[in-house]
Amino acid sequence: MDFFDNFLDDTHRALRDTCRRFAEKEIAPHAEEWEEACSFPRALYRKAAEAGVLGIGFPEELGGGGGGALHAVMACEGMMYGRSTGVVVGLGSLGIGLPAIIQSENPDLHERFARPVLAGEKIASLAITEPGTGSDVAGLTTRAVRDGDHYVVNGSKLFITSGVRADVLTTLVRTGEDVHGGLTFLVIEKDMPGVRVSRALKKTGWWASDTAELSFEDVRVPIANRCGEEGSGFVTLMRNFQTERLGLAAYGSATAEIAFEEARRYVKERRAFGKPISAFQVTRHKLADMATRVLAAKTLTYQIAHRMDQGDYIPTEVSMAKNVAAETAVSVTYDAVQLFGGMGYMRETWVERLSRDARLIPIGGGTQEIMKEIIAKSMGL
Amino acid sequence: MKIAVIIKQTPDTETVVKINDAGNDIVGTGVKYVMSPYCEFAVEEALRTKEKLGGEVVVVSLGPDRVLETIRTALAMGCDRAIHLKDPAYEGGDGQATAKALAAALKTVSPDIVFAGKQAIDGDQSQVAVRVAELAGLAQATIVTALEIAADGKTAKATRRSEGGGEVVELKLPALISCEKGLNEPRYASLPGIMKAKKKEVKELKPAELGLEGQVGAAGAKAKRVKLLPLAERKAGRRIEAETPEAAAAELVRLLREEAKVL
């Protein structure tokens with residue numbers, strides 16, 4: 001969509017171009033196959049790293065692509081043209097899996113985990129949610145009990161993006177009784193004895209990305225794998241939620257934009273009662289509404305990313321951007337499917353896939369309702 | 001080693017172009033411009049040559065302000081600096097006028113090897129690279145699909161594609177290589193590359209600085225485009241109705257032979 005994107009400079013546009021070209025060449029031709037197979041080749045991680053599109057927003061010194069929050073938004077926009085949100089979120093799981101490792105400022109963790117993940121040699125996941133604990137992370141029950149220079153971990157994690165294949169599991173565990181101060185991040189490695197993928201989960205959308213239920217049974221994790229001090233997990237998590245939620249806002253607005261573009265193209269081709277359906281006022285007004293919502297969501301996403309790049313800590317506004325983008329993604333993909341009619345219900349159309357993919361945005365990374373609680377709390381209510 | 005690469009900015013292959021009212025050019029507004037795909041092979045080969053033999057890669061391009069974006073792409077891929085031939089006087093040239101300007105700009109670089117696309121995907125004339133080599137007094141190999149440069153940087157062996165086959169030629173450097181698909185797989189411009197490109201030198205040269213006043217662009221052209229012919233509109237498809245697959249196939253063959261005349 002052409003609009004006045006005054007938050008962007010040449011580097012943002014050039015990066016979006018690079019990512020789009022990569023996605024159109026390396027992902028789009030295989031999108032159908034990989035979506036139906038609910039997986040994509042592991043080699044794509046390395047290919048993406050070599051092209052410089054894997055670790056946008058992560059430090060160059062560790063092999064990342066560099067850049068800030070708005071660059072990461074651009075990368076997401078470009079990569080979505082691979083026609084598979086699943087592949088993009090699969091490649092992108094390091095975006096949530098690595099921050100706790102990077103922020104530990106521990107060179108040993110950087111070398112053992114961040115560098116190989118950014119090189120596309122290893123896959124990273126973030127493991128927070130549990131069968132009994134979602135948005136209320138304070139209720140987390142996966143336990144890590146100190147035993148000499150190790151922790152012994154027991155528990156299970158659910159809905160872990162890339163968890164089936166991940167080598168590096170950045171896992172939030174309970175190391176103490178304090179509701180918030182008793183939480184710590186440990187890097188659990190997939191090949192440690194006692195780590196098991198209990199299930200690969202089947203989902204509404206994001207098919208090409210795998211999602212796991214994991215179980216830990218007496219897993220011995222060396223203290224060297226701890227991110228930061230014991231008890232620092234909650235603070236780290238809260239800080240990183242900003243990036244994750246901005247990422248979801250970017251997915252949401254990009255999903256909506258593509259659905260809008262697809263619908264705009266289709267209504268000019270599709271004819272009914274002797275004319276293209278774009279000639280009917282009901283269609284024209286629907287598209288006008290879709291375009292307006294897309295512009296609003298994108299503008300807010302860009303503005304929030306821009307402010308984060310200025311160093312602002314703005315969890316309330318990030319929550320607002322995520323909710324606007326989520327509602328926009330759901331409503332615009334719904335309208336796009338409606339305009340496609342029967343074709344929009346067929347798996348061969350992109351809008352069908354996008355409409356399923358969009359449904360996760362108001363749920364993942366903190367639900368729509370949790371976002372509203374954050375916003376309401378900031379009003380002093 | 002001094003390496004130069006000539007690039008051209010062209011409309012994206014997926015852009016739908018419209019012909020202007022005068023009927024002699026395309027309408028520029030709303031067109032997405034990119035580096036001509038064959039020029040990407042040229043940039044990639046220039047960078048690989050530098051990686052193997054050392055030296056610097058200088059990008060040379062002619063065109064208006066908007067061309068700077070494509071020059072930055074080449075710099076983001078890894079080229080070291082650029083020369084932008086930007087002046088209203090350069091506009092409206094033919095292959096000869098453009099080649100004259102590019103050859104004069106190359107002279108300021110004195111390259112050991114020059115890379116170019118085998119053709120630009122807009123005009124499709126395949127003239128500029130060949131003329132540049134002639135005007136600059138360089139050996140040349142066109143439509144190259146494989147290249148080996150001797151370690152001493154004195155000679156090169158190029159594999160050329162020709163209709164249904166190919167040939168291998170040996171060249172003395174300095175030489176110009178026009179690049180064909182298959183020569184390499186062009187790299188992507190990474191974000192660190194994009195950031196670095198902002199600080200790289202892009203030098204603008206005017207016709208007077210090349211001693212070419214009145215000899216480039218429309219003033220220097222010997223041929224002038226008078227008309228652009230639109231693409232034939234695609235006709236609707238036709239459905240063959242027949243009782244049996246055999247009859248349908250027979251009817252299809254008849255139509256291909258008698259109406260489409262492709263058999």
Side-chain angles (χ1 to χ4, degrees), chain A residues 1-3 8-28 44 46-79 81-82 118-120 261 265 268-269 271 309, chain B residues 7 9-16 28-37 39-41 43-44 47-48 51 59 65-79 82 84 121 181-182 184-200 202 233-234 236-237:
Chain A
M1 179 189 263
D2 312 315
F3 73 97
L8 307 185
D9 66 27
D10 290 347
T11 67
H12 296 115
R13 295 191 189 90
L15 175 68
R16 181 170 57 192
D17 263 11
T18 289
C19 291
R20 183 169 174 164
R21 292 182 60 175
F22 176 85
E24 286 178 340
K25 185 156 170 269
E26 308 290 349
I27 302 172
L44 193 65
R46 194 188 287 256
K47 213 177 233 184
E50 279 167 6
V53 300
L54 188 64
I56 302 300
F58 289 99
E60 279 176 62
E61 308 83 72
L62 293 174
L70 194 47
H71 287 109
V73 172
M74 291 299 108
C76 169
E77 270 187 22
M79 293 294 274
Y81 284 85
L118 288 166
E261 281 173 0
R265 179 183 57 73
K268 286 193 262 185
E269 290 168 7
R271 298 177 70 85
D309 282 338
Chain B
I7 60 170
Q9 186 186 54
T10 60
D12 187 11
T13 44
E14 285 184 18
T15 294
V16 180
T29 48
V31 172
K32 185 175 181 247
Y33 287 96
V34 297
M35 189 186 301
S36 180
C39 297
E40 290 185 12
F41 301 125
V43 170
E44 179 62 35
L47 294 171
R48 289 185 187 194
E51 282 157 9
V59 183
D65 277 332
R66 60 173 156 77
V67 170
L68 183 60
E69 196 189 324
T70 298
I71 290 175
R72 292 274 178 223
T73 303
L75 295 174
M77 288 168 77
C79 296
H84 184 182
I121 57 141
K181 190 178 169 131
N184 55 46
E185 188 68 29
R187 69 194 65 190
Y188 295 92
S190 69
L191 184 55
I194 292 165
M195 293 292 195
K196 279 185 209 123
K198 286 208 293 188
K199 295 189 196 97
K200 290 179 179 172
V202 180
E233 272 209 35
R234 258 179 78 178

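Order of the sequence lines sets the chain letters (A, B, ...), proteins ahead of strands, with each chain counted from 1.
Note that OH of B/Tyr188 is 13.5 Å distant from CZ of A/Arg20, once rounded to the nearest 0.5 Å. Rounded to the nearest 0.5 Å, atoms CE (B/Met77) and OG1 (A/Thr18) are 9.0 Å apart. Rounding to the nearest 0.5 angstrom, the gap separating the CD1 atom in B/Ile194 from the NE2 atom in A/His12 is 10.5 Å. Going from atom CZ of A/Arg21 over to atom OG1 of B/Thr73 covers 8.0 Å, rounded to the nearest 0.5 Å.
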Exercise. Can you list the steps and then say if A/Asp17 with B/Lys32 is a side-chain contact (heavy atoms from CB on, under 4.5 Å)?
Worked result: CA-CA 11 Å; A/Asp17 263 11; B/Lys32 185 175 181 247; 4.2 Å; yes
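Taking 4.5 Å as the limit, some side-chain heavy atom of A/Thr11 sits within range of a side-chain heavy atom of B/Lys198. Inter-residue side-chain proximity for A/His71 and B/Met195 is flagged as met; some heavy-atom pair is nearer than 4.5 Å.
Counted within 6.0 Å of CD on B/Glu69, heavy atoms from surrounding residues, nucleotides or ligands total 12 or fewer; the atom is thus considered open. In the displayed structure, B/Lys200 atom NZ is contacted under 6.0 Å by more than 12 heavy atoms of other residues, nucleotides or ligands. With a 6.0 Å radius and a threshold of 12 heavy atoms from other residues, nucleotides or ligands, A/Glu269 has its CD atom above the threshold. Heavy atoms of other residues, nucleotides or ligands lying less than 6.0 angstrom from CG of A/Asp10 number 12 at most.
Chain B forms the most heavy-atom pairs under 4.5 Å with one residue out of A/Gly67, A/Ala75, A/Gly65, A/Cys19, and that residue is A/Gly65.
When every heavy atom of B/Ser190 is checked against every heavy atom of A/Gly52, the shortest pair comes out as CB-CA, 4.3 Å.
Using a 4.5 Å cut-off between heavy atoms, A/Ile56 touches chain B through its side chain atoms alone.
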